[in-house]
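All figures in this text were calculated on a predicted structure; none of them were measured in a lab. In what follows, chains carry the letters A, B, and so on, assigned in the order in which the sequence lines appear, proteins first and then strands, with residues in each chain numbered from 1.
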Amino acid sequence: MLEKSFNPTEAEARIYKMWEDSGAFKPRAAKPTDTKDDNFSIVIPPPNVTGSLHMGHALNNTIMDILVRYNRMKGKATLWQPGMDHAGIATQMVVERKLAAEQKFRKNMTREQFLNHVWAWKEESGGMIEQQLRRLGSSCDWSRSKFTLGDREGGQMADAVTKAFVDMYEAGLIYRDKRLVNWDPHFQTAISDLEVENIERDGHFWHFKYPLEGGETYTYVEKDEDGNVTLTEERDYISIATTRPETMLGDGAVAVHPDDERYAPIVGKMVRLPLADRLIPIITDEYPDPDFGSGAVKITGAHDFNDYEVAKRNDIPMYSLMGTRGEMIASEIMPEKYVGMDRFAARKAVVADIDAEGLLIKVEDKKIMQPYGDRSNVIIEPMLTDQWFVDAEKLAGEAVAKVNDGSTKFVPENWKKTYDHWMENIQPWCISRQLWWGHQIPAWYDHEGRIFVAATEAEAIAKAQDFYDKEKGSDLLIVSPKNPEFIHLVEEFGSPGCIVSSNSSGVGWLAQDPDVLDTWFSSGLWPFSTLGWPEKTEELERFYPTSTLVTGFDIIFFWVARMMMQGLQFMDEVPFEDVYIHALVLDEAGKKMSKSIGNTLDPLDLIDGVSIDKLIEKRTRGLKNPDKAPQVAKATKKAYPDGFEAYGADALRFTLASQAGQGRNVRLSVDRIAGYRNFGTKLWSAANFGQMNGCTSAEGFDPSSAALPVNQWIISETAKTAAEITRCIDAYRFNDAADAVYKFTWDTFCAWYLELSKPLLSGEDGAEKEETRATFAWVLDQILILLHPFMPFVTEDLWAKVTEGRENHLITTLWTTYGDELVDASAVTEIEWLQTLITNIRSVRADMNIPPSKKAPLLLCADTLDPRLATYAPQLSPMARVEHVELAAAVPDNALQTVVDGVQYAIPLAGLIDMDAERKRLSKEIEKAQSEIEKIDKKLGNEAFVAKAPEKVVNLQKERRAGYVAEVETLQAALDGLG
RNA sequence: GGGCGGUUAGCUCAGCUGGUAGAGCAUCUCGUUUACACCGAGAGGGUCAGCGGUUCGAACCCGUUACCGCCCACCA
């Protein structure tokens, strides 16, 4: 006898520890016979080291674990490679915030001191998420866990990044350039295009006059579409419009379209830039749209991406106006009064000052798209700076080709389009970040600004030394300013970067680039760096390319695309065969979950349970707008009045799998989680029934040897279901697989087989009982196997409890491979007939409100007694409340009637039947059948249908018709019999 | 402005290559038959967003309209 039900809280920890201790998560040893197909590998999308488990992780990891457990059970050498991402900006932000609370600030620390703090933080509180992933049951090989940044001393993961950078630099795929980049004034670093979110906000459109120099005037003529003059005016200015007035201080020109007749008279003339009091030219360029605004555009090359291109094309000077925090900085073109102002304060001041000069024409309200930093949430500033770039265009070609030729397949495949489109329009990838937490760029600058890219400082020094010795014929000594041996020289010559003539003997400096690499640069190496690259390890040989990448569509560009490019670059092979793109998990109202909105669900709350008060407290804590707290509390209480029970990891996983259709998103249903928790209990209870009836082992049982149709039938159904589940998982149709195992377990096994087996199990001892016991145990084993990838805990627990003394754990038990050879068609037909009979009897009884306690005989209206009725009398009795079965020449009065396979049955229930109701019921049944017949007749009467539809379809319709006709006949006879 | 996806039962969603519209939850009726009330038996409930087309046959394919959602984009 088992405990009353599965106790997830107790069992999950115990079972997980057992798995981990047993080494089941590690790939099995290689066999000499192994081919590539015998290896299965997945790399985890590395969660941020600062992260904590959210629903997206839960879905992502559930799917991966299903695949991993399934393939492991298929006997493949299976590796699920875990690890974490150092998450440059996010982590630096977390640690700075923590330090600030202790009145410690990064700006007062050396780089090394700060990094010590971050590493200490990482050791102490980073990586909580790995523990949380264990709670889901994730069967990663934790002993191989990797960190994108490596360790404090560097190590292989860091070496991989360095090598990648150096190799790409030497191949001309990485370069340093002064370009306009997206600058985050909050974090004071460059960021990539992808880290910028464009959001529409209310803004303004200011129209200014830029006066023509030297008192020039011109006749400004405006025409409508038909060429009629609508306005003629003598002007001494050109009208420009801007959404960002402060940038006018850095204007280098005003551009108009070459075909714009309005401005033709003044092209080439100069305007005097207000406030700045500089002269700038009016130029022509294809960029301005004559139909938008005034048709004239101010060109600020250093602060706008379009203007930058125009300025480059036309050789217009670009003036940088701002410092790293977005503050106006002193320069030869910056009027004194604005120096030090924040960019938004400067905007106000500029508008006011222009207005004061009488040059403000008007201000319009306008919706404008504004770029925001996805982490900082401040407005991004285009800034002209020196940065490192990957020439992504050169890498994109092959990455696209490999998807086109099927080397890597997207599932669902429509994501290929998204991938292609981005790849085909790819921009240079800015990979340098002005942060401290990350891989410091392996590039060194000498005192004359030369760049030496090398894996180590020693190599860089050697390269530089070589350069001076050979190329310049100088005996200059190159040193690192960090080298204690040369500290006195540092002091003597000043700071690194000081100029020392290379013609004279002396000391030259080499200082490493202080910037770090974009975190995604290292994430892009993940599928091979985690396997030991650049070393040629056994794991790399066995598990690259990885089998499947499982991830959300939100990081196709960030991550999938980069892995494709870098994988092909360094391994000459795609990083993964399949890319399974799953949905986003949405909240109960269909919104994206977000802490700042307060609509998140914590997977651990669903596993462990949580009170409504605690849930509200958690949801309101992270709110961006704390005033919304009462609203969030109300909505939460409405959605989940009682909080959550402890549903356990299995229920959560099963729900996620069953909702992981290949659509766009998953709206998490807590009702379904409860439903699938119930499912676990149902299975548990069925196993308990087996225990009580001696169904304790299927050892030595050969399912093809079963002789009883009931057993042959359930074995057939098991084989069919196993094949179906296998097919579904292979096709990444997790929801269908989950459905199939659910239906089989609940409906087929528990609702039918278990009931049908009862008379056999409680009957006399003998061959039949033994066969049924073994069959029951065998089917239950198959269920545990098939369900294990979805519900690993309860199945593993039952595996041990159902049959004592098993040698294997379920996690490493071989997957079911039974198929059609176990399907016994005649047994299936027989039991399906029995099911229909039972269902029909139940249905008519329920319709007539016959109490279940009232048993009644079943009369067969035929000439001979169907022997099957005798065979299944023990089942018919409890399941259909049949007292006994007998032959009847005619239907007696006061009897219910039903038809199965065209055969009429009657259930005499004198005194219990409302004859009018029974008449109505029969009429309704007849009507139903007749309407079906009509539909079919319409089809069969259609010559085109008979001529063109496949024979199979036509025959099916004919068969159906015959069935209905027979039914109508018998029902009609029954109705007539009632008088 | 471009691209992608959605619209199916009261709710949340399935429906793989066109061939009798499905599930869970909710609702209603009945039920303490020794696995399970986190249960059992039964029932009701859908013009598959609208329109047009292809086809013997359309929820499914094509076109179009409407609404909803997401992604990308340089209109100052």
Side-chain angles (χ1 to χ4, degrees), chain A residues 1-2 4-5 198 205 240-244 247 255 287-289 291-300 304-310 368-369 414-415 417-418 421-422 425 553-554 556-557 584 588 590 592 645 647 651 655 658-659 661-672 674-693 727-728 731 733 735-736 739 742-743 750-751 754-755 758 762 839 842-847 849-853 855 877-881 932 935-936 939 942-950 952-954 956-957 960:
Chain A
M1 183 83 179
L2 300 173
K4 179 137 174 57
S5 69
N198 291 303
F205 202 34
I240 61 93
T242 179
T243 56
R244 305 197 43 207
T247 63
Y287 163 63
D289 174 359
D291 296 327
F292 185 81
S294 68
V297 183
K298 64 191 264 311
I299 300 300
T300 320
D304 182 281
F305 285 97
N306 291 310
D307 294 5
Y308 176 70
E309 295 300 326
V310 177
I368 49 174
M369 291 297 269
N414 57 303
W415 289 111
K417 272 194 183 174
T418 307
H421 182 258
W422 187 73
N425 296 288
F553 58 78
D554 48 333
I556 291 179
F557 305 146
L584 242 44
E588 64 275 7
K592 201 168 160 176
E645 292 171 51
Y647 299 120
T655 307
S658 79
Q659 296 206 277
Q662 298 187 345
R664 269 312 242 217
N665 38 41
V666 166
R667 200 184 290 202
L668 189 73
S669 161
V670 177
D671 279 344
R672 283 179 76 150
Y676 292 130
R677 183 271 319 264
N678 297 352
F679 173 58
T681 308
K682 183 81 180 173
L683 174 67
W684 184 273
S685 155
N688 184 42
F689 171 84
Q691 287 293 288
M692 299 189 321
N693 286 282
R727 200 166 51 239
C728 289
R733 300 209 327 256
N735 55 328
D736 290 338
D739 256 19
Y742 179 93
K743 276 190 189 134
C750 292
L754 194 143
E755 296 300 332
K758 277 179 183 173
S762 59
T839 304
R842 283 169 169 174
S843 178
V844 295
R845 288 178 58 113
D847 269 357
N849 277 321
I850 309 302
S853 54
K855 285 203 168 191
S877 167
M879 296 177 77
R881 319 306 296 155
E932 287 298 323
K935 269 197 229 166
I936 297 167
K939 268 193 183 177
N942 183 344
E943 279 175 35
F945 172 74
V946 181
K948 292 191 180 177
K952 218 173 88 185
V953 175
V954 177
L956 185 74
Q957 294 301 329
R960 287 184 59 218

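- Across the interface with RNA chain B, nearest-nucleotide mapping of A:Arg881 and A:Ala751 shows A:Arg881 to be the residue nearer the 5′ end.
- B:rU27 and B:rA66: their P atoms are spaced 40 Å apart (whole Å).
- Across all strands, A:Phe305 comes closer than 4.0 Å to no nucleic acid atom at all (heavy-atom distances).
- Closest to the side chain of A:Phe945, from the set B:rG42, B:rC38, B:rC56, is B:rC56.
- Comparing the C1' positions of B:rG10 and B:rC28 gives a spacing of 13 Å, expressed to the nearest Å.
- A:Phe679 comes within 4.0 angstrom of no nucleic acid atom, judged by non-hydrogen atoms across all strands.
- One interatomic measurement links the two molecules: CG of A:Asn425 to P of B:rG2, which rounds to 15 Å at whole-angstrom precision.
- A heavy-atom distance below 4.5 Å is found between the side chains of A:Met879 and A:Arg842.
- With hydrogens and angles disregarded, no donor-acceptor distance shorter than 3.5 Å links the side chain of A:Arg667 to the backbone of A:Gln659.
- Note on A:Asn693: every side-chain N or O is 4.0 Å or more away from OP1 and OP2 of B:rA35.
- Here the separation of B:rA41 from B:rA49, taken at their P atoms, is 33 Å to the nearest Å.
- The listed nucleotides are B:rA14, B:rC4, B:rC30; the one nearest the side chain of A:Asn414 is B:rC4.
- As judged by a 4.0 angstrom heavy-atom cut-off over every strand, A:Ser294 is placed among residues making no nucleic acid contact.
- Between A:Ile368 and A:Phe205, every side-chain heavy-atom pair lies at or beyond the 4.5 Å cut-off.
- Taking the side chain as every heavy atom from C-beta outward, A:Ser658 and A:Tyr742 never approach each other to under 4.5 Å.
- Pair assignment for B:rG63 gives B:rC51, based on Watson-Crick or G-U wobble hydrogen-bonding distances that are each under 3.5 Å.
- To the nearest angstrom, P of B:rC68 lies 20 Å from NZ of A:Lys592.
- Contact annotation: A:Lys758 side-chain N/O to B:rA35 OP1/OP2 distance is under 4.0 Å.
- One donor-acceptor pair, N or O on each side, does fall under 3.5 Å between the base of B:rA35 and the side chain of A:Glu755.
- When Watson-Crick and G-U wobble pairs are counted only if both distances are under 3.5 Å, B:rC25 pairs with B:rG10.
- Within the nucleic acid shown, A:Asp289 comes within 4.0 Å of at least one base atom, counting heavy atoms only.
- Among the nucleotides B:rG24, B:rA43, B:rU20, the one closest to the side chain of A:Tyr742 is B:rG24.
- The environment of A:Lys855 atom NZ is dense: over 12 non-hydrogen atoms of other residues, nucleotides or ligands sit within 6.0 angstrom.
- Between B:rG22 and B:rC16, the distance separating the two P atoms is 14 Å to the nearest Å.
- Look at A:Arg672 and you won't find any side-chain N or O under 4.0 angstrom from OP1 or OP2 of B:rC13.
- Taking atom CD1 of residue A:Ile936 and atom C1' of nucleotide B:rU20, one finds them 8 Å apart after rounding to whole Å.
- Within the structure, a side-chain polar atom (N or O) of A:Lys682 is placed less than 4.0 Å from OP1 or OP2 of B:rG40.
- Taking atom C1' on both B:rC75 and B:rC70, the two are 23 Å apart, rounded to the nearest angstrom.
- The base-pairing partner of B:rG18, taking Watson-Crick or G-U wobble contacts with both distances under 3.5 Å, does not exist among the strands shown.
- Set against B:rG19, B:rA35, B:rC74, the side chain of A:Tyr287 has B:rC74 as its closest nucleotide.
- When distances run from any side-chain atom of A:Ile368 to the nucleotides B:rA76, B:rG19, B:rC36, the shortest one goes to B:rA76.
- In this structure, B:rC39 forms a base pair with B:rG31, meeting either the Watson-Crick or the G-U wobble geometry with both donor-acceptor distances under 3.5 Å.
- Regarding A:Lys298, its NZ atom lies at a distance of 14 Å from the C1' atom of B:rC74, rounded to whole Å.
- Within 4.0 Å of A:Arg667, counting heavy atoms only, lie sugar-phosphate atoms of the nucleic acid but no base atom.
- Pair assignment for B:rG46 gives none, since no Watson-Crick or G-U wobble pairing has each distance under 3.5 Å.
- Listed for the A:Ser685 side chain is no donor-acceptor partner under 3.5 Å among the backbone atoms of A:Thr681.
- Among the nucleotides B:rA76, B:rA35, B:rC56, the one closest to the side chain of A:Asn942 is B:rC56.
- The phosphate of B:rC4 has OP1 or OP2 within less than 4.0 Å of a side-chain N or O from A:Lys417.
- Residue-level contact check: A:Arg960 touches the bases, meaning some heavy atom is under 4.0 Å from a base atom.
- The residue among A:Ala674 and A:Pro288 whose nearest nucleotide of RNA chain B lies closer to the 5′ end is A:Ala674.
- Of all nucleotides present, none satisfies the Watson-Crick or G-U wobble test against B:rG57 with each distance under 3.5 Å.
- With a 4.5 Å cut-off on side-chain heavy atoms, A:Lys298 and A:Thr247 count as touching.
- Closest approach to the A:Ala944 side chain among B:rC56, B:rA14, B:rG42 is made by B:rC56 (side chain taken as heavy atoms from C-beta onward).
- Nucleic acid contact for A:Cys728: none, since no nucleic acid atom lies under 4.0 Å from a heavy atom of the residue.
- Distance A:Lys952 NZ to B:rU20 P: 12 Å, rounded to the nearest Å.
- Taking atom C1' in both B:rC60 and B:rG15, one finds a spacing of 9 Å when rounded to whole Å.
- The A:Phe553 side chain lies nearest to B:rC70 when the options are B:rC70, B:rG42, B:rA35.
- Panel note: side chain A:Ser762, backbone A:Lys758; a donor-acceptor pair is recorded below 3.5 Å.
- Although no hydrogens or angles enter the test, the distance criterion places no donor-acceptor pair under 3.5 Å between the side chain of A:Asn198 and the main chain of A:Met369.
- To the nearest angstrom, C1' of B:rU47 lies 13 Å from NZ of A:Lys935.
- Among the atoms of the strands shown, none is found under 4.0 Å from any heavy atom of A:Leu956.
- With P as the reference atom, B:rG44 and B:rU8 are 23 Å apart, rounded to whole Å.
- Between A:Lys743 and B:rA14 there is no side-chain polar atom (N or O) within less than 4.0 angstrom of OP1 or OP2.
- For A:Ser843, the side-chain atoms get nearest to B:rA43 when compared with the rest of B:rA37, B:rA43, B:rC16.
- Looking at A:Val297 and A:Tyr287, their side chains come closer than 4.5 Å, going by heavy atoms from C-beta outward.
- In this structure, the nucleotide among B:rG42, B:rC25, B:rC16 sitting nearest to the side chain of A:Thr839 is B:rG42.
- As a whole-Å value, the separation of A:Arg727 CZ from B:rC16 P is 14 Å.
- Whole-Å rounding puts the A:Tyr647 OH to B:rC38 P distance at 13 Å.
- Among the heavy atoms of the strands, none lies under 4.0 Å from A:Met879.
- Separation of the P atoms belonging to B:rG50 and B:rC39 is 37 Å when rounded to the nearest angstrom.
- Pair assignment for B:rG5: B:rC68, on the basis of Watson-Crick or G-U wobble contacts that are both within less than 3.5 Å.
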